Protein chains: 2
Amino acid sequence: MEDANEKSITRIDSKIGSVESAAGGSNALLDIRKMRILEAIIDDYILTASPVGSRTISKRSDMGLSPATIRNEMSDLTELGFLEQPHTSAGRVPSEKAYRLYVNRLMDSAQLTDDEMEYIRRHLDNRVSEVNAVFRETAKVLSEVTNYTSVVLVPQLSSMRIRRISLIPVSEGTALAVVVTNTGVAKNSTISIPDSIRPEDLDKISRMMTEKLEGHRLSDAVCTVLPMLRSEIGEQADAVADMLTKIEKSMSEQDVEVVGATNILDYPEYSDVSKARSFLAQVEDGEYLREVMSDASDVEMSVRIGTENSNPDMQDCSVVTVTYKAGGKNIGSLGVIGPTRMDYGKVMAVLKYMSKSLSDILSKMLGDK
Amino acid sequence: MEDANEKSITRIDSKIGSVESAAGGSNALLDIRKMRILEAIIDDYILTASPVGSRTISKRSDMGLSPATIRNEMSDLTELGFLEQPHTSAGRVPSEKAYRLYVNRLMDSAQLTDDEMEYIRRHLDNRVSEVNAVFRETAKVLSEVTNYTSVVLVPQLSSMRIRRISLIPVSEGTALAVVVTNTGVAKNSTISIPDSIRPEDLDKISRMMTEKLEGHRLSDAVCTVLPMLRSEIGEQADAVADMLTKIEKSMSEQDVEVVGATNILDYPEYSDVSKARSFLAQVEDGEYLREVMSDASDVEMSVRIGTENSNPDMQDCSVVTVTYKAGGKNIGSLGVIGPTRMDYGKVMAVLKYMSKSLSDILSKMLGDK
DNA sequence: TGTTAGCACTCATCCTCATCGAGTGCTAAC
DNA sequence: GTTAGCACTCGATGAGGATGAGTGCTAACA
């Protein structure tokens, strides 16, 4: 637990399969039999949530070994830090290190059943009408299929290229700013407008902003593009800069959609209300999730197991995330949160598949890339 | 429980104080002493959540009566249906009928402390910049002050008068529709546009829609105003009607902001995980809350106690709601959900105050009414 | 040398049973 | 009408014992 792998979160880079192993060199110590036994234990524990005994493994698995032999191996595995004992006469429970190993091995082999793929496809194709509905629907399907809590980080605008900016007067002194990007994602927010701007001017200003800033990133627009254009804009340059800054600020907030938070209550590890409470409070707050999801938005898949989470309230659950694309570029991420004893195989497979589906849908919806 | 008052929810009309009593004539049977004892029991039970005994009341209250006397009165109150006994040798627990009576008496007298008012004022004035942020902030403050779950029904657009409609092309075949109303509330949604409309036309169509429909309700626009204008609009009338229908449909969805759902876990009646689960699932789903909040949007204050809720999963909690105004008209409602044993006095006072604060802020933000 | 059977031992879980005490209802006295 | 007294009820608490799953160790076996 306090060894070097504590903070090394699994990350696969673009080519799936090249795993930056996190369990150090220690898994070299595991021969095939130990590995199979460990896997059998993990599988069983994921299913039952109660400590696994030697007899169970001996009967269940097809290795044809007696409980005594399994016991010897389990004893070794415990010594190596892959198993833990709640108390002397209980079975063994996989440690985080074990999950780590398990996950790394699983990384490239996880597979979905046809039924599950069918289910996902049907439920996602259902309502492709509204862009933001897609993200909500994705989160919903994700939590339904896995029965864990799902999170979707909706695209961050400030790093995409602007296609259009519109300002619509809402009331005295406020306007609704709508930004459409090259990936077709639109976002809007209400901003206050400087006194010097008359509502009637907003239309002209919108057109001007669109004309000057099209193709630039919103983040660049404020700090580099706008200063260069100052002379061209004329007297209202300050006001325009002010508004653009406000727009950039409000747009750079990252939204997360969370669905199925209460699913966690189905798992015995959260039958303790105070534990459930702190989990749910974290999820409701959203701060940590936003952090994790943003962090994860540049690696194809990442898994945080237990104490690999920096947030103390999240240290007995795991977070698995993948990224999704639009126009060939990572624009957001989606993830699943569940107990450390989660069904990593299934979760990873579902996420991989949904990332692909979502990317496809987005590409289709947005037409051009 | 199965008597006439089952579905009669407290409703006060515009003049606060005129209570349409719901407890039938039966409270006439309660003399002052019984009333005081009942109140003492309710107060104690709200505080402790455990059955109240005669000794407690005898000691606590300033009536100077012995436990035996209290017992006699409690026996009467039980017979009248205001108290219940979990089992023979436990104390008494207030029935829903008792809460009903209690709430009706409280209706016009609930009062906040200065500290609480100060707290609310400070936290609401904080960020008045963004319209929708106000609702979110309101929900947050509401749940913080009461320590229950809070709900805010954000204004419904279709019943307000249109000030402006804008259509902004987002991608091939889709556009963002923004509707601004006379109360200054803006809402937007992505809609698909008919093939016959070119993106370049959207600007013209926006202007046309605004011109023709300004001052009308969105709901009227589709069914009465538009048909009358058909001839004026010309060839694209069908396409415009189609789009307007879509806008009306997407705008009439009522949004609810829910904050503090997990607060319910602080109360012992929800220490049972399965109970907590069904409550939280209801809240997450939002369907019932939307229903209650919409229902409540025409009476100044309404209280639903326990089984007065039509949703079975909500029948051991209470929902208190008030409406808020903008431009002199009710435009939405806010509410608090907690265990039936909630602190009605405080909740009602807080809600009344926050309704007023929110209405003031909205009026101020929107400038003109 | 690896595998297995046997056995003593540990310890959480479950059940039972007795005790405790808060609270009631009733009766009789004030 | 109010109160003191008392028997009674019944959930909560906790101790003690049985149960059984599971371990670790040792010795025998292939």
Side-chain angles (χ1 to χ4, degrees), chain A residues 29-38 40-45 47-95 98 268-269 271-272, chain B residues 29-38 40-45 47-95 98 268-269 271-272:
Chain A
L29 293 177
L30 290 193
D31 56 37
I32 297 157
R33 197 171 74 175
K34 279 199 175 54
M35 197 66 216
R36 283 187 60 191
I37 291 175
L38 182 56
I41 293 172
I42 296 177
D43 285 340
D44 194 87
Y45 187 69
L47 218 66
T48 65
S50 50
V52 186
S54 52
R55 233 175 81 88
T56 315
I57 298 302
S58 164
K59 266 192 298 186
R60 201 203 74 131
S61 75
D62 43 354
M63 281 171 283
L65 293 172
S66 76
T69 311
I70 305 279
R71 268 205 299 279
N72 288 332
E73 296 289 40
M74 282 166 93
S75 182
D76 290 354
L77 285 167
T78 308
E79 210 165 321
L80 288 167
F82 291 102
L83 294 178
E84 280 160 11
Q85 256 180 313
H87 57 266
T88 329
S89 75
R92 302 301 211 285
V93 169
S95 69
E269 31 272 86
S271 61
D272 174 24
Chain B
L29 293 176
L30 290 194
D31 57 35
I32 296 156
R33 196 172 74 175
K34 278 200 176 52
M35 197 65 214
R36 283 187 62 192
I37 291 175
L38 183 57
I41 293 173
I42 295 176
D43 284 342
D44 194 87
Y45 187 69
L47 218 65
T48 64
S50 50
V52 186
S54 53
R55 235 176 79 88
T56 315
I57 297 303
S58 164
K59 267 192 299 186
R60 200 200 76 129
S61 74
D62 42 355
M63 280 171 282
L65 294 172
S66 76
T69 312
I70 305 279
R71 266 203 302 279
N72 288 332
E73 296 289 40
M74 280 165 94
S75 182
D76 290 353
L77 284 168
T78 306
E79 208 165 325
L80 289 167
F82 291 102
L83 294 178
E84 281 160 9
Q85 257 180 313
H87 56 267
T88 330
S89 75
R92 302 300 213 284
V93 168
S95 70
E269 32 273 86
S271 60
D272 173 25

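Predicted model only: the values in this text are computed from it and were never measured. In what follows, chains are A, B, ... by sequence order, proteins preceding strands, each numbered from 1.
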key: Check against side-chain contact (heavy atoms from CB on, under 4.5 Å), A:E73 and A:L65   = CA-CA 11 Å; A:E73 296 289 40; A:L65 293 172; 5.8 Å; no
What is the distance from atom [atom1] of [X] to atom [atom2] of [Y], rounded to the nearest 0.5 Å?
X: B:N72; Y: B:I37; atom1: CG; atom2: CD1; value: 9.5 Å
X: B:I41; Y: B:I70; atom1: CD1; atom2: CD1; value: 8.0 Å
X: B:L38; Y: B:M74; atom1: CG; atom2: CE; value: 10.0 Å

If I take atom [atom1] in residue [X] and atom [atom2] in nucleotide [N], what distance separates them, rounded to the nearest angstrom?
X: A:I41; N: D:dA21; atom1: CD1; atom2: P; value: 18 Å
X: A:D76; N: C:dT3; atom1: CG; atom2: C1'; value: 14 Å
X: A:R55; N: C:dG6; atom1: CZ; atom2: C1'; value: 14 Å
X: A:M74; N: D:dG22; atom1: CE; atom2: C1'; value: 9 Å
X: A:H87; N: D:dT23; atom1: NE2; atom2: C1'; value: 10 Å
X: B:N72; N: C:dC26; atom1: CG; atom2: C1'; value: 10 Å
X: A:E73; N: C:dT1; atom1: CD; atom2: C1'; value: 14 Å
X: B:L83; N: C:dG23; atom1: CG; atom2: C1'; value: 14 Å

message = Please evaluate residues A:R92 and A:T78 with respect to the criterion side-chain contact (heavy atoms from CB on, under 4.5 Å), reporting the C-alpha separation (whole Å), side-chain torsions for both, the decisive distance (0.1 Å), and the verdict.
response = CA-CA 8 Å; A:R92 302 301 211 285; A:T78 308; 2.8 Å; yes
Base, sugar-phosphate, or nothing for [X], non-hydrogen atoms under 4.0 angstrom?
X: B:R92; answer: sugar-phosphate
X: B:T69; answer: base
X: A:A90; answer: sugar-phosphate

remark   = Mate of C:dT27 across any strand shown (Watson-Crick or G-U wobble, both atom pairs under 3.5 Å) is D:dA4
key: Base-pairing mate for D:dG14 - Watson-Crick or G-U, with both contacts under 3.5 Å   = C:dC17
Where the side chain of [X] is concerned, which of [options] is the nearest nucleotide?
X: B:S89; options: D:dT23, D:dT9, D:dT3; result: D:dT9
X: A:Q85; options: D:dG24, C:dT4, D:dA4; result: D:dG24
X: B:A68; options: D:dC25, D:dT3, C:dT4; result: D:dT3
X: B:R33; options: D:dA4, C:dA5, D:dT2; result: D:dT2
X: B:R71; options: D:dT23, C:dT4, D:dG5; result: D:dG5
X: A:T88; options: C:dT10, D:dA4, C:dT4; result: C:dT10

query = In terms of the nearest nucleotide of DNA chain D, which residue is placed more toward the 5' end: B:S66 or A:V52?
reply = B:S66
request  = Identify, between A:T78 and B:P86, the residue whose nearest nucleotide on DNA chain D lies closer to the 5' end.
outcome  = B:P86
query = So, is B:S54 near the phosphate of C:dG23, with a side-chain N or O under 4.0 Å from OP1 or OP2?
reply = no
message = For a 4.5 angstrom cut-off between non-hydrogen side-chain atoms, does A:P86 reach A:V93?
response = yes
